[in-house]
2 protein chains.
Amino acid sequence: MSSTLEKARQNPDSMKAKIFLAAKKLFGEYGFHGTTTRMIAQEVGIDISTMHYHWGDKRDLYEAVILDLNERIQYKLNEVEKNVKGESLDIRLEVSIEEMCEYLFSNPCISNLILFRSFTKTREDSSIDKKVPEYISNIAVAMGLAIDKQNITVEAKARVLAVVNAILNFISGENFFREMLDITHEEYVRVVKDTLKFILIPAFSKDKIKN
Amino acid sequence: MSSTLEKARQNPDSMKAKIFLAAKKLFGEYGFHGTTTRMIAQEVGIDISTMHYHWGDKRDLYEAVILDLNERIQYKLNEVEKNVKGESLDIRLEVSIEEMCEYLFSNPCISNLILFRSFTKTREDSSIDKKVPEYISNIAVAMGLAIDKQNITVEAKARVLAVVNAILNFISGENFFREMLDITHEEYVRVVKDTLKFILIPAFSKDKIKN
DNA sequence: ATTTTATTCCATCAAATGATGGAATAAATA
DNA sequence: TATTTATTCCATCATTTGATGGAATAAAAT
């Protein structure tokens, strides 16, 4: 757990933490360019200069948000892995889908931010965007697609990416998709979990028999 | 085929079409807020006012791009459907994945724009973003998940969304993912196709036997 | 050739946006 | 309480950004 995460957890009522949370939410919804410093300040109910006082410039704040995000997702995945250790792959997938959905649905900005990073360019190129997330390798090992973290085939990584993205997509796309499906949030959560299980489990199932 | 698409095809060398293409590319890469009118003008090599002369304001241009995109994806899907008509679902999926990948990899801005629409908010809310794409229903029918277009269950639509997003993700995320996988574009295309088939076919396979 | 129309760019504006200095205020410390 | 330190906001700046009027130029029509 690094300093960013620690600080935000240290005192969630601190102004610095409040600004951070507002930024996380807005960057997730509107992206880097879509979010203005004034939007963040207004969300917290403060002046922009107070924001600069605590976090420096917009880019610094954004990078802190991205770092925090990587830490949190890594932490959560480790947690899930512990919960499913020893089970069959089918069960592990099912439980992991369930738990990750619960987590991400209650923290939608996490998946928003990850997708933003993967799909969009930023005008000023930032070094932070080049950092490759490590959790993909961890998942590959946890799913039995590789023996050790250092030696993972391209195919295995690609399969993990497909799994991860399938989940993230449904979380981040809720507003858009739910309007298409015309259902409540609760129904959406249920449908997403079922759909993910339907799509993902057969591919990795050992007995190769579906349903 | 509506006027937007026709016009762009009418004379691809016309200034209006050139501006349109540049806008499509840049909106796909940077999103609405990430793209400035000056970036578009510079890409074409003209003045901003020439852009305004042909397309009105930025929002008009963006909405034209979105409309065009819906028409193209719809058109392509109909084309693919014709090619696979009568085959088994397994074969249809395999061929569709192959053809859609070919198409989208050579027109990456299409998947970029679709994902942008699904995942991000725009500060000014636009009516265009509310329009629900019809192609999801068409695919559901084509995949045998529903009998007619008017009567499609939520589950069926959700499954189609999962399939479509799985494909779009890999196309739009190429830059990011390819750096992780450390492979060439050609290798990436191959891996993506194989991974999509690996993930998607077993879920829908009638004989429920994988490989 | 002359007139009309269409196209393009230069100069410029107004608003939005990121950023900062310094005064005002609150909190902490001595 | 007096002094120092930390925090917050107001006023303001410079730049970016979307947009426009009008001159200059090219193309078309007469």
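Chain identifiers are assigned alphabetically (A, B, ...) following the order of the sequence lines, protein sequences preceding nucleic acid strands; residue numbering begins at 1 within each chain. Because only heavy atoms are used, hydrogens play no part in the values below, and waters and symmetry mates are left out as well, while side chains stay in.
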### Message
Counting only side-chain nitrogens and oxygens, does B:H52 get under 4.0 Å of the OP1 or OP2 atom of D:dT20?
### Response
no
I want to check a possible cation-pi pair here: B:R117 against A:F176, using under 6.0 Å from ring centre and within 45° of the ring axis as the test. no
Please state whether the phosphate of C:dC9, meaning OP1 or OP2, lies under 4.0 angstrom from any side-chain nitrogen or oxygen of B:T50. yes
### Query
Can B:R59 be said to sit on top of B:F32's aromatic six-ring, NZ or CZ under 6.0 Å from centre and within 45° of the ring axis?
yes
Exercise. Answer yes or no: does a side-chain N or O of B:R123 lie under 4.0 Å from OP1 or OP2 of D:dG18?
Key: no
Among C:dT8, D:dT8, C:dA19, the one nearest any side-chain atom of A:T37 is C:dA19
In whole angstroms, the gap separating P of C:dG18 from CZ of A:F32 amounts to 8 Å
Among C:dT8, D:dT20, C:dT12, the one nearest any side-chain atom of B:R38 is C:dT12
To the nearest angstrom, the CG-P distance between B:L26 and D:dT17 comes to 13 Å
Separation of C:dT7 atom C1' from B:M51 atom CE, nearest Å, is 15 Å
- prompt: A:Y53 side chain N/O closer than 4.0 Å to the phosphate oxygens (OP1, OP2) of D:dT7?
  reply: yes
Whether the B:E99 and B:N83 side chains hold a donor-acceptor pair (N or O, under 3.5 Å, no angle test) is what I'd like checked. yes
Exercise. Within 45° of the axis and under 6.0 Å from the centre of the six-membered ring of A:F198, does NZ or CZ of B:R159 qualify?
Worked result: yes
Between NZ of B:K16 and P of C:dA6 the distance, given in whole Å, is 14 Å
Open item on the list: Using OP1 and OP2 only, check whether a side-chain N or O of A:H54 sits under 4.0 Å from D:dT8.
Closed with: yes
B:D57 CG to C:dC13 P, in whole Å, measures 22 Å
B:W55 atom CH2 is separated from D:dG18 atom C1', nearest whole Å, by 18 Å
**Message:** Any base atoms under 4.0 Å from B:I46, or only sugar-phosphate, or nothing? Heavy atoms, all strands.
**Reply:** sugar-phosphate
Side-chain N or O of A:R59 less than 4.0 angstrom from OP1 or OP2 on C:dT17? no
Here the distance between atom P of D:dT20 and atom NZ of B:K58, to the nearest Å, is 14 Å
note: A:Q42, atom CD; D:dC9, atom C1'; distance rounded to Å ~ 15 Å
If we count only N and O atoms by modelled type, under 3.5 Å, do the side chains of A:T184 and A:E187 hold a donor and an acceptor together? yes
(Q) Taking only side-chain N and O atoms of B:S49, does any of them lie within less than 4.0 angstrom of OP1 or OP2 on C:dC9? (A) no
